[in-house]
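As the structure is a computational prediction, the values presented were derived from the model and not from experiment. Labels below follow one simple rule: chain letters A, B, ... track the order of the sequence lines, proteins then strands, and each chain is numbered from 1.
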There are 2 protein chains.
Amino acid sequence: MESRCENCIIRQFNSLRALSKEELIKVSNAKTSKKVKKGDALFLEGQKLDGVYCVRNGVSKLSKLSSNGKEQIVKLTNIGEIMGQRSVIAEDYTNLSATAINDMEVCFIPKEIITNTLNTNPYFSLEVLRHMAHDLKEADDVIVNMSQKTVKQRLAEALLYLKENYGEDDNGFLQLSLSRDDYANIVGAATESLIRMISEFKKKGLLKTEGKKIGIVNECALKELVDGF
Amino acid sequence: MESRCENCIIRQFNSLRALSKEELIKVSNAKTSKKVKKGDALFLEGQKLDGVYCVRNGVSKLSKLSSNGKEQIVKLTNIGEIMGQRSVIAEDYTNLSATAINDMEVCFIPKEIITNTLNTNPYFSLEVLRHMAHDLKEADDVIVNMSQKTVKQRLAEALLYLKENYGEDDNGFLQLSLSRDDYANIVGAATESLIRMISEFKKKGLLKTEGKKIGIVNECALKELVDGF
DNA sequence: GCTAAGAACTGACAATTATCATGTTTTAAA
DNA sequence: TTTAAAACATGATAATTGTCAGTTCTTAGC
């Protein structure tokens, strides 16, 4: 009982919305659905991708290993996002690994369909271009944050981002629950440093925790922290 | 005595090579040439661009101010590169400032020409897409470097990059001469720290300096430094 | 429910990097 | 050529962040 792209609301959020009905039918016929368990990899850095992944459900982290063996998370995906575009377009190995943070449903679209459509439908190209332009801008922002902000500021920013993008549960805890390790790899700090910072925020009444769950208590204070007090 | 894009070798290096003869003629008729003095800005962060700049000569830095007032250099341009694409495509304000590092000659191409061509020539779109994909990959690499490598490693990497991309003069000094401030803003460190590091490298026989000029003496040692000794 | 594995956490300490203060050299303009 | 401004450089010190060594808490599998 496969669902059809033509009826999929999610495509409104990504570049597939630029496709004509005929093109969508082609995509739908070629695509395969896939379930990915929490913790499993969708693809690994350095692999060659045969297509792109469209996220129907769940969240994944895009990360890269540095030469010292530490992981750096470059981006978290949202529902509707397409992963692996960069690599397919540049006909290049992926520069990032994708790992499911919670259980995911994704659709795999073979690269031939994508490249064909890019060659024939300029609206699609343009749409992909816009998305990539957006990613590039965000990447620039991350660069500046990494080099100019303290771990404290980057953590504050990350927490606000998580609330903004993935929401919170009924008890005011962040919906997306990451390990402390993941937090450290987003912020770009040692896990111990990160944990200490969370404790500090908790002591100051900015956060609350319950097991691995984290909740934002004083959002304003966090926002002030982001641009140095 | 304006030169014509049709005869310009430089376009081989950028996405304009995907244009047909007729399209090139249109571009050439619409473009204006411009000289930019060392230190002058081509555009500023937050501006709306009416077109893109094609670099004929000289080098510029693309940078962003962080909230603490420090500048972070995100990228140095090469000859043939097109600046401002991201902003024109996303119909967005620029997220970066562009400043000439030495005297430059650039061609300004109005955005209407660019967007029109994007809408009608899928090869052009694809070519732009490839370039943007490449930039995105590089940006990811910078993120990882910023968060996982030490200042020492990032400096070593920057120096090797400068040699690789802009060459050295007859006496073995880097052709592109940057201020210590610029180095600090590339590497993402305080200027004093950066200067200290250069002194250290010099003491260890990795570099030589003469005024502001820097020359690489022991390239192998620098390369080893990049991935932790 | 018990238990082992792995997260989460804490402390002590070391390394890295920033800041402030100050002196020296270079550069460019009068 | 002089001179003021800017760039370069160094020392002393403080702040930030990482590392190592360990303890406690959680959780999944038996």
Side-chain angles (χ1 to χ4, degrees), chain A residues 37-39 66-72 101-103 145-156 158 173-174 177-204 207-215 225 228-229, chain B residues 37-40 61 66-72 99 101-103 145-158 173-174 177-204 207-215 225 228-229:
Chain A
K37 283 245 175 71
K38 174 177 174 173
S66 75
S67 46
N68 65 20
K70 271 215 74 176
E71 180 190 29
Q72 174 64 38
I101 282 182
N102 41 38
D103 289 348
N145 282 344
M146 283 297 172
S147 61
Q148 307 285 10
K149 295 196 171 163
T150 62
V151 171
K152 196 179 293 194
Q153 291 176 305
R154 301 205 296 272
L155 172 59
F173 290 102
L174 292 173
S177 118
L178 297 171
S179 70
R180 300 294 191 258
D181 230 20
D182 281 337
Y183 273 104
N185 295 340
I186 289 173
V187 164
T191 308
E192 297 94 323
S193 301
L194 190 281
I195 288 175
R196 249 182 272 276
M197 207 106 282
I198 289 179
S199 303
E200 194 188 319
F201 280 10
K202 201 172 148 184
K203 262 186 211 131
K204 287 187 180 159
L207 298 179
K208 58 182 176 181
T209 66
E210 198 181 296
K212 67 181 304 193
K213 285 190 292 182
I214 296 179
L225 251 180
F229 322 169
Chain B
K37 283 244 176 72
K38 174 178 172 170
D40 284 357
K61 57 179 177 184
S66 75
S67 45
N68 66 20
K70 272 216 74 177
E71 180 190 31
Q72 174 65 37
T99 314
I101 282 182
N102 41 37
D103 291 347
N145 281 344
M146 283 296 171
S147 62
Q148 308 284 10
K149 295 197 172 165
T150 63
V151 170
K152 195 178 293 193
Q153 291 176 305
R154 301 204 297 270
L155 173 58
E157 198 156 32
F173 290 102
L174 292 172
S177 119
L178 297 170
S179 70
R180 301 294 192 258
D181 229 19
D182 281 337
Y183 273 104
N185 295 339
I186 289 173
V187 163
T191 308
E192 296 95 323
S193 302
L194 190 282
I195 289 174
R196 247 182 275 275
M197 206 106 280
I198 289 178
S199 303
E200 195 189 317
F201 280 9
K202 201 173 148 184
K203 261 185 214 135
K204 288 187 181 160
L207 299 179
K208 58 183 176 181
T209 66
E210 197 181 297
K212 68 181 305 191
K213 285 190 291 181
I214 296 179
L225 252 180
F229 323 166

Worksheet entry | Atom-to-atom span, CG of B:Leu207 to P of D:dC8 - whole angstrom | 15 Å
Discussion item. Return a single string for nucleotides 9-20 of chain D, one symbol per nucleotide in 5' to 3' order, where B is base contact, S is sugar-phosphate-only contact and - is none, cutoff 4.0 angstrom on heavy atoms.
Written reply: BBBB----SBBB
Worksheet item: For B:Lys37, what residues pass the side-chain contact (heavy atoms from CB on, under 4.5 Å) criterion, not counting sequence neighbours?
Response: B:Asp40, B:Asp103
Discussion item. Between the opening five pairs and the closing five pairs of the helix from C:dG1-D:dC30 to C:dA30-D:dT1, how far apart are the helix axes, to 10°?
Written reply: 50°
Worksheet, complete the sentence: A:Thr209 meets the side-chain hydrogen bond (donor to acceptor under 3.5 Å, both in side chains) criterion, sequence neighbours left out, with A:Lys202
Worksheet item: Taking only residues two or more places apart in sequence or in another chain, which ones pass side-chain contact (heavy atoms from CB on, under 4.5 Å) with B:Thr99?
Response: B:Lys61
Practice prompt. Provide the start and end nucleotides, 5' to 3', of the part of DNA chain C that has atoms under 4.0 Å from heavy atoms of chain A.
Written response: C:dA8 to C:dA12
Worksheet item: Nearest heavy-atom pair of A:Lys212 and A:Arg180: which atoms, and what distance?
Response: O-NH1, 2.9 Å
Worksheet item: Residues in side-chain hydrogen bond (donor to acceptor under 3.5 Å, both in side chains) with B:Glu157, at least two apart?
Response: B:Asn145
Worksheet item: Excluding sequence neighbours, so at least two apart, what forms salt bridge (charged side-chain N to carboxylate O under 4.0 Å, His left out) with A:Glu192?
Response: none
Worksheet item: Quick one: side-chain hydrogen bond (donor to acceptor under 3.5 Å, both in side chains) partners of B:Asn102, sequence neighbours excluded?
Response: none
Discussion item. Which residues pass the side-chain hydrogen bond (donor to acceptor under 3.5 Å, both in side chains) test with B:Asp181, not counting sequence neighbours?
Written reply: B:Thr191
Fill in: Contacts of B:Lys208 that satisfy salt bridge (charged side-chain N to carboxylate O under 4.0 Å, His left out) - sequence neighbours left out
none
Fill in: Results of side-chain contact (heavy atoms from CB on, under 4.5 Å) for A:Ser193 - residues two or more places apart only
A:Ala190
